[in-house]
Each structure stands twice: as structure tokens, then as C-alpha cells.
Amino acid sequence: MNVNKRNNAPRSGGRTTAQEHQTVGNTALQPEPAQPAPERKPGTPWLRVAPPLPVSVPRAPFIALILVVVIGGVLGILMVNTKINENAFRLDELQKQQSTLDIQEQQLKQQIARAADPGNLTAEARKLGLVDGKPVQIRLPDGRLTGMMVPATEAPSITSQGTGG
């Protein structure tokens with residue numbers, strides 16, 4: 001017989017004492033096996049403290065934290081990579097500038113070496129109106145002269161600014 005049978009159970013959810021199976025559609029609901037009620041000692045309460053519910057941590061803040069860390073890491077790597085590329089371009093530019101400065105330094109050293117040649121020094125001194133002679137030195141603290149002052153015997157060069165003679 002496939003008819004729903006109900007016993008007169010209290011509305012508070014109490015158990016029925018009938019051992020019949022209740023059917024809904026084609027699914028049979030098995031009754032729970034009847035367990036004898038545990039004996040109560042006098043003075044023990046009917047109610048007991050239930051174990052605490054399992055604590056569930058909200059997932060949204062954790063997921064947000066993970067997303068922030070991942071996005072921050074990706075952006076950090078991107079910024080570092082960009083800076084490395086900028087520095088590589090700047091380094092290349094500075095190396096080119098260094099090579100041109102090295103060439104310029106070599107040219108200036110060659111000019112200094114040519115100008116420091118004794119023949120060139122003498123020629124440049126004659127252009128400025130200087131002549132050969134024994135130098136005289138003046139000591140600055142007391143103004144004394146060391147050496148013998150002798151007038152120049154050579155005539156100044158044509159390009160000197162002196163009046164000559």
C-alpha cells in the first residue's frame with residue numbers, strides 16, 4: 001500500500017511510536033532506530049552544554065589580501081623591470097659619451113705634449129717677448145731678492161708688446 005500514513009505526532013517535533021515507514025513519492029524514509037533514553041540521575045539537568053560551533057573565517061578578506069599581494073607583486077616586478085630598462089638605455093648613452101670624452105682627452109694630451117716640447121716653449125716665450133737669462137727670485141716674507149739682476153741682452157721679438165731697446 002503506497003499511501004502516506006501519519007501518526008498523531010505532537011507539533012513540537014516529537015517522535016511517533018509507530019514503526020511504519022512513511023513514503024513520499026518513490027522514496028522511502030527509513031525511521032531512525034529507537035534508542036532507549038539514557039537514565040537520568042536525580043539532580044542532573046535535562047539540558048547539556050552543546051560543543052561550540054566550528055569557527056568559520058570569512059573568505060572575502062583572505063581572498064582580497066591574496067589579490068592585493070599578487071597584484072602588488074606583479075606591479076612591483078613591472079616597475080623594477082621598467083627601471084632596469086631605463087638604466088640600460090642611460091648606461092648605453094653614458095658609455096657613448098665616455099668614449100667621446102676618452103678620444104677628446106687623448107687629443108688634449110697630445111696637444112699638451114706638443115706644447116711642452118722645448119722648441120715650442122722657446123718659440124712661444126719669444127712671441128710673448130721673453131728672453132733667456134738667469135732668473136731672480138723674490139722671497140715674499142721679507143722681499144729680499146736672490147740671484148743677480150742682469151738686464152736682458154737680446155732684443156725682444158717683433159710680436160712682443162714692449163717698446164723694445
Side-chain angles (χ1 to χ4, degrees), residues 1-125 127-128 130 135-146:
M1 182 161 151
N2 198 8
V3 176
N4 288 340
K5 291 194 174 181
R6 287 194 162 161
N7 294 339
N8 290 334
R11 291 196 80 137
S12 64
R15 295 181 185 246
T16 59
T17 56
Q19 292 295 326
E20 295 183 22
H21 296 283
Q22 182 180 14
T23 59
V24 175
N26 61 355
T27 307
L29 301 176
Q30 299 286 335
E32 294 180 4
Q35 295 179 355
E39 288 192 30
R40 241 178 27 105
K41 297 179 185 174
T44 57
W46 277 97
L47 299 176
R48 289 183 295 169
V49 176
L53 294 175
V55 177
S56 63
V57 179
R59 291 185 181 198
F62 178 71
I63 292 173
L65 175 69
I66 295 298
L67 285 175
V68 165
V69 168
V70 168
I71 291 172
V74 168
L75 290 177
I77 290 172
L78 184 64
M79 287 175 50
V80 167
N81 196 12
T82 303
K83 280 293 181 187
I84 288 173
N85 286 337
E86 284 178 10
N87 289 339
F89 283 121
R90 183 144 193 258
L91 180 64
D92 184 48
E93 193 176 298
L94 290 174
Q95 285 175 342
K96 288 178 184 175
Q97 185 179 5
Q98 179 66 37
S99 66
T100 56
L101 289 175
D102 285 341
I103 292 170
Q104 186 179 3
E105 179 188 17
Q106 287 176 353
Q107 291 171 349
L108 289 173
K109 282 183 179 180
Q110 288 174 354
Q111 286 178 359
I112 290 172
R114 280 193 302 265
D117 185 33
N120 288 338
L121 285 177
T122 305
E124 288 296 320
K127 282 182 188 176
L128 295 173
L130 300 175
V136 177
Q137 297 176 352
I138 302 173
R139 288 188 0 196
L140 291 180
D142 56 1
R144 284 185 36 184
L145 296 175
T146 59

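Here the structure is a predicted model, which means the values were calculated and not measured.
- Heavy-atom neighbours of Q104 CD from other residues, nucleotides or ligands within 6.0 Å: at or below the threshold of 12.
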Handout entry: From CA spacing to verdict: salt bridge (Lys or Arg N to Asp or Glu O under 4.0 Å), D117, R114
Key = CA-CA 5 Å; D117 185 33; R114 280 193 302 265; over 6 Å; no
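- The CG atom of L67 sits 10.0 Å away from atom CZ of F62, with the distance rounded to the nearest 0.5 Å.
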Exercise for the section: Determine, step by step, whether E105 and K109 satisfy the salt bridge (Lys or Arg N to Asp or Glu O under 4.0 Å) criterion, reporting the C-alpha distance in whole Å, the side-chain angles of both residues, the deciding distance to 0.1 Å, and the verdict. Expected result: CA-CA 6 Å; E105 179 188 17; K109 282 183 179 180; 3.5 Å; yes
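- Atom OG1 of T82 is separated from atom CG of N87 by 11.0 Å, given to the nearest 0.5 angstrom.
- Between K96 and E93 there is no salt bridge, since no side-chain nitrogen of the basic residue lies less than 4.0 Å from a carboxylate oxygen of the acidic one.
- Looking at Q106 and D102, their side chains never bring a donor and an acceptor atom within 3.5 Å of each other.
- Two residues are said to be in side-chain contact when any heavy atoms from C-beta on lie closer than 4.5 Å; L101 and Q97 meet this criterion.
- Within a 6.0 Å radius of CD1 in I138, other residues, nucleotides and ligands contribute 12 heavy atoms or fewer.
- Atom CD1 in I66 sits 13.0 Å away from atom CZ in R59 (nearest 0.5 Å).
- For the pairing with I71, the side chain to side chain contact (heavy atoms under 4.5 Å, CB included) check across V69, L75, V74, V68 returns one residue only, L75.
- For the atom pair L145 CG and Q137 CD, the distance stands at 10.0 Å (nearest 0.5 Å).
- If you take CD1 on I84 and CG on L91, they are separated by 12.5 Å, rounding to the nearest 0.5 Å.
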